[in-house]
There are 2 protein chains.
Amino acid sequence: MGRALRADAERSVRLILEAAERVLAADPGATLEQIAEAAGVARTTVHRRFANRQALLEALTESAERQLAEAIEEARPDTAPPLVALHRVTANVLRVKGAWSFALGHPAAQACTTGAVWAGVNARCLELFGRAQREGLFHPEADLEWTRRVYYALIGEALNDARGRDPESLAALVADTLLHGVGQRPGAP
Amino acid sequence: MGRALRADAERSVRLILEAAERVLAADPGATLEQIAEAAGVARTTVHRRFANRQALLEALTESAERQLAEAIEEARPDTAPPLVALHRVTANVLRVKGAWSFALGHPAAQACTTGAVWAGVNARCLELFGRAQREGLFHPEADLEWTRRVYYALIGEALNDARGRDPESLAALVADTLLHGVGQRPGAP
DNA sequence: ATTAACTGCAACACGAATGACGCACATAGC
DNA sequence: GCTATGTGCGTCATTCGTGTTGCAGTTAAT
């Protein structure tokens, strides 16, 4: 690795990554030219900071993944009661995934650094879910892998649904749907 | 519109559309060349049948949407009891979406023919859900739009999950998850 | 203040994908 | 069997995205 970047160069990198997220979210096949324009830099600068398109994509994914992992840890998923942890993690993840929906939503994301970060996130998730199951929050026979997929899918839908609702209420909606579905509830009058 | 195609030409169209689905599902940026090869025709033939890439994509989407709409109608969603209809529709949709996951899963799908078919499908879905709600299958205060999105998302996940399971059991999983979630159920011992 | 790093700009090379030909051959439909 | 239609093949032009280079001017870091 080369030596540290100068301050303005680091600022360029940040601007480019943020622009890439915006532009690629709107059109996954967008040009480096378009990204550069959105970032307010010349296309050559993009090439200077990132060897090729692939490298840019990887850097984008890695940046977003790091933020996602941080957001999850921030929610202390293994010290709070499962239901509380579920709400907190969900709200935090909604925030990060909302801001980096392309970088985190793309299949290329998993295959990047052989998906080390994703494996960690998935493990964290299953950890929490396992605890939720043992403590009686989840159905004892629930398939946790299926549960995880449903959970991710609900988060994805909640993001599209974001009609001005804040992450907190969206998280509540996700958690409630995950736990109880949309059916009539047995104990209801 | 020109006159009717000859039988072999229509066969070419079908082969190309099926190949496009296969190839594009694996790589959305795939070349017309690759599609032609997978279809067993020359690239020029693809150009003869479809003016440009865009036209091919639209034809692909339209074909898949028509099949989806047919599959839904085939399940008679408004004559059977809601729970039965839900299972039948889900199983049929899983079959079609499994076979045309690219054509139906892409965002371009909705924007195609101004999404007339999609509007119909969504309406059919909401119709069924409204009945399910009135007849006590769904929670009386469930947000049907959110419910629809969750339903679509569950179907999408079920397709990724298809570890050799048949559409029937996947449909059962989707319906159960939609109705009751994965939480511990109140009446359980 | 000096130096090393960074940027924008212009220009270029390169490859890939697209799309349009014409031609010879086959095949469906009557 | 005749004819219109369809196909494969080879070829060509064009466009577009990518990546590189050199240079002049600017800015951060010491």
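Naming convention: chains lettered A, B, ... in sequence-line order (proteins, then strands); numbering from 1 in each chain. Computed from heavy atoms alone, side chains included, the values below leave out hydrogens, waters and symmetry copies.
- For CZ of B:R76, the number of neighbouring non-hydrogen atoms (other residues, nucleotides, ligands) closer than 6.0 Å is 12 at most.
- At whole-Å resolution of the value, CG in A:L5 and C1' in C:dT7 are 14 Å apart.
- Checking B:W100 against B:S63 by side-chain atom types alone, no donor-acceptor pair falls below 3.5 Å.
- Straight-line distance from the CG atom of B:L15 to the P atom of D:dG6: 15 Å, rounded to whole Å.
- Within the 4.0 angstrom heavy-atom criterion, no nucleotide atom of any strand lies near A:G29.
- The closest side-chain donor-acceptor pair between B:Q34 and B:T31 falls under 3.5 angstrom.
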Do nucleotides 14-23 of chain D as a string where each nucleotide becomes B, S or -: B if the base has a protein heavy atom under 4.0 Å, S if just the sugar-phosphate does, - if no protein is that close. ---SBBBBB-
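- Rounded to a whole Å, the CZ atom of B:F50 is 13 Å from the P atom of C:dG19.
- OP1 or OP2 of D:dT7 has at least one side-chain nitrogen or oxygen of B:R49 nearer than 4.0 Å.
- Between the CG atom of B:D8 and the P atom of D:dT7 there is a distance of 6 Å, rounded to whole Å.
- A cation-pi arrangement is present between B:R148 and B:Y152, with the terminal nitrogen or guanidinium carbon under 6.0 Å from the aromatic centre and inside a 45° cone about the axis.
- Residue A:T45 places at least one side-chain N or O under 4.0 Å from the OP1 or OP2 atom of C:dG8.
- A salt bridge links A:R95 with A:E168: the distance from a Lys NZ or Arg NE/NH1/NH2 to an Asp or Glu carboxylate oxygen falls below 4.0 Å.
- Rounded to a whole Å, the CZ atom of B:R6 is 15 Å from the P atom of D:dT3.
- Ion pairing between B:R6 and B:E10 fails under the 4.0 Å rule for side-chain N and carboxylate O.
- Taking atom CZ of B:R14 as the reference point, atom C1' of D:dG6 lies 16 Å away to the nearest angstrom.
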